Amino acid sequence: MDLAKKDERLITVLVADDTATDRIILETILRKQGHRVLSAEDGEQAVICFREHRPDIVLLDALMPRLDGFAAARQIKSLAGEELVPIIFLTSLTDTESLVKCLEAGGDDFLSKPYNPVILQAKVKSFFRMRSMQRTMLEQRDQIAQHNEHFLQEQTVAKQVFDNITSSGHVDTEHLRYYLSPLAVFNGDVMVASTTPAGNLMVLLGDFTGHGLPAAIGAMPLATTFYGMVDKGFAMSDILAEINGKLKSILPVGLFCCAAMVEMNFRKNTVRIWNGGLPAAYLYRRDGSVEQIKSTHLPLGVLTNKKFKADPALISMEQGERLYLWSDGIHEARDTEGEMFGEERLLAAFAQNTQAPVLFDELLERVKDFVGQGQRSDDLSLIELLMAPLSSAYVTPGTEQANSQSQLAEWSLSFEVKPSSFAIFDPLPLLLSVLLEVPGLRNHSGTLYTIISELYTNALEHGVLGLDSSIKDDPEGFDRYYQLRRERTKAITEGYVKIDLAHSTDMDGGSLAIVVADSGNGFDPAARPELTGNEYSGRGLKMIESLCDSLEVRGAGNVVAATYCWRNDD
Amino acid sequence: MTVTSTVTSDGSELTIVIKGRFDFSAHQDFRGSYETLPVRPDHFIIDMTDTAYLDSSALGMLLLLRDYAGGDASDIVIKNASTDVRRILSISNFEQLFTIQ
């Protein structure tokens with residue numbers, strides 16, 4: 001609508017002709033057709049008039065005094081700059097040479113005398129339309145350029161932020177080589193790598209579905225979770241589960257992350273690997289054979305944590321052997337014909353390799369040669385991991401290492417519940433949240449909960465409250481027991497339950513000592529009745545015995561000590 | 001912790017769903033879910049999909065239900081228990097008393 005309106009607005013036409021009669025005839029026709037007319041008697045006036053009034057269309061007589069039409073046309077065109085100002089030469093000249101001269105001076109068309117009003121009208125209208133279109137085009141071009149500049153600026157900033165987050169812990173080690181093409185971030189590829197407190201190298205390569213900012217945004221929580229947990233010494237399965245849960249909760253359905261995670265243990269020469277949706281990783285053996293570690297899991301961010309399986313495969317690797325990870329960028333790199341690089345070419349690269357240390361470069365070279373000028377190859381990601389002994393500078397040996405395994409390696413805690421709290425306070429969640437700060441204990445929360453909760457319940461019910469399990473011998477007694485429990489917890493004014501936790505670590509794991517003491521009279525463990533199987537009570541201690549590494553009843557029977565051991569490999 | 005139960009229209013099957021921690025605080029709700037029925041159902045299903053944790057008093061409650069349901073002749077299925085819960089059940093050899101699925 002706007003465009004049509006614009007088209008119909010008054011068109012301003014500049015007429016420059018030194019012959020008064022010709023000029024007046026032309027002016028009259030134009031005015032009759034509804035245009036606004038400016039007039040000039042020679043080229044110089046025409047240029048001045050153009051500068052002042054910026055007419056839409058210029059009609060120029062070729063031969064004029066002072067400044068002829070050709071020179072005037074050149075000046076007007078240069079004044080107009082990018083703007084399209086159509087110049088129509090008024091001429092009775094018909095020889096090709098003169099017409100060429102008009103065109104060279106910047107003329108767009110000719111009008112010959114005597115003037116035909118219909119042809120004149122057609123030319124003015126069509127040139128004005130052309131001028132409007134060109135003006136619109138220029139505006140849009142400027143807008144696009146501005147948007148593009150803005151977009152690139154945003155990408156640069158986003159990339160900086162992204163790089164700062166994802167590369168915060170990038171390790172500089174002979175064990176890891178990687179290539180990530182510069183724009184891979186915006187194709188959804190992300191690599192994070194860090195060293196665990198025990199000196200293992202953890203690497204995760206992810207490939208988010210989709211591309212651009214949404215994919216890059218998903219990489220942020222992945223990277224922060226990864227670095228946070230690796231530094232604290234959490235197990236690979238915990239880290240995977242945590243990242244999976246986080247991505248599942250924040251990403252929209254349909255956006256997820258194909259990923260492979262690897263943990264290299266340089267002391268034991270083993271590698272743990274988990275592959276969820278990435279192309280098979282290649283393990284390049286010393287005898288030249290290739291073992292493929294295929295994806296056996298769903299990508300991260302698809303399943304709820306309940307169904308998610310983080311059970312990495314454990315493979316042994318000899319020194320000098322190499323493991324390769326990649327996103328599908330290599331397999332799907334296309335040549336000029338549109339053919340994909342594919343797995344066969346990849347396997348051929350391994351088969352033809354003679355020196356393992358240069359395979360990494362050979363692979364990249366081959367893909368680049370294959371792609372040639374064909375297509376951009378900006379989503380290539382390639383990682384090489386080498387099994388080799390740790391250099392001494394890399395890991396501090398001995399006890400220092402064991403201590404650095406976690407902020408919470410050696411500690412103890414004493415916690416006492418007083419009478420006024422028995423009825424309203426459950427110490428279990430609080431104690432458990434402390435235990436979960438120890439990375440090695442995280443996998444054992446269920447068991448630990450059971451042990452501490454049974455010990456606490458026994459201490460409270462039988463010790464402090466003096467309730468006898470035998471009350472629970474029949475269904476009614478069961479009710480009576482808990483009725484009594486409620487009444488006595490409310491009424492109690494003295495007594496305590498004290499829980500002591502002490503934790504320590506060694507190279508392979510750690511142990512937690514749990515001591516629960518109460519103010520009661522204790523009991524004689526030897527006098528515990530044998531279970532026949534169908535009693536409603538009496539299972540607590542037996543359960544704890546089978547969950548712990550040791551269980552001991554001390555003192556008068558009002559102190560129970562349990563020890564729970566865990567190993568790094570659990 | 002919540003205990004909810006549904007019984008089939010012919011009254012022959014009772015499903016008890018336990019959410020959260022299954023410990024002594026559940027015992028009234030748990031007993032209420034079957035003791036208030038006009039007819040004793042033949043089949044019982046305990047759905048532990050969302051049971052976070054089970055303590056020894058809960059084991060006692062399961063045995064109470066078993067006795068109510070006919071002791072050795074009872075038909076009780078415990079289903080969808082998590083690994084932690086399953087472990088506690090198996091430490092006490094409850095597989096021999098209940099059908100654990």
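Model, not experiment: these values are computed from the prediction. Numbers restart at 1 for each chain; the letters A, B, ... are given by sequence-line order, proteins then strands.
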In Å, rounded to the nearest 0.5 Å, how long is the span from CD of A:Glu476 to CG of B:Leu64?
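Going from the CD atom of A:Glu476 to the CG atom of B:Leu64 covers 9.0 Å.
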From CG (B:Asp55) to OH (A:Tyr456), nearest 0.5 Å:
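Here the rounded value is 13.0 Å.
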Engaged part of B:Ser57 at the chain A interface, taking heavy atoms whose separation is under 4.5 Å
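For B:Ser57, the contact with chain A is made by backbone and side chain together.
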What's the shortest heavy-atom distance between B:Tyr53 and A:Ser453, and which atoms?
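Where B:Tyr53 meets A:Ser453 most closely, the heavy atoms are OH-OG, 2.6 Å.
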For residues 17-25 of chain B, dump all side-chain donor-acceptor pairs below 3.5 Å to protein atoms at least two apart in sequence or in another chain.
unit_1	atom_1	unit_2	atom_2	d
B:Arg21	NE	A:Tyr449	OH	2.8
B:Arg21	NH1	A:Asp426	OD2	3.2
B:Arg21	NH1	A:Tyr449	OH	2.8
B:Arg21	NH2	A:Asp426	OD2	2.9
B:Arg21	NH2	A:Tyr449	OH	2.9
B:Asp23	OD1	B:Ser25	N	3.2
B:Asp23	OD1	B:Ser25	OG	2.6

Close contacts, residues 480-493 of chain A versus chain B, judged by heavy atoms under 4.5 Å
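A:Tyr482, A:Arg485, A:Arg486, listed by number.
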How about residues 543-553 of chain A versus chain B: which residues have heavy atoms under 4.5 Å apart?
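So the qualifying residues are A:Met543, A:Ser546, A:Leu547.
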Chain A interface, residue from B:Arg31, B:Gln28, B:Met61 that has the most non-hydrogen pairs under 4.5 Å
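Most heavy-atom pairs under 4.5 Å with chain A: B:Arg31.
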Is it the case that over 12 heavy atoms from other parts of the model lie below 6.0 angstrom from the CG atom of A:Asn521?
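No, not enclosed.
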If the contact rule is any heavy atom under 4.5 Å from chain A, which residues of residues 34-51 of chain B qualify, in numerical order?
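Against chain A, the residues of residues 34-51 of chain B that fall inside the cut-off (heavy atoms, under 4.5 Å) are B:Thr49, B:Asp50.
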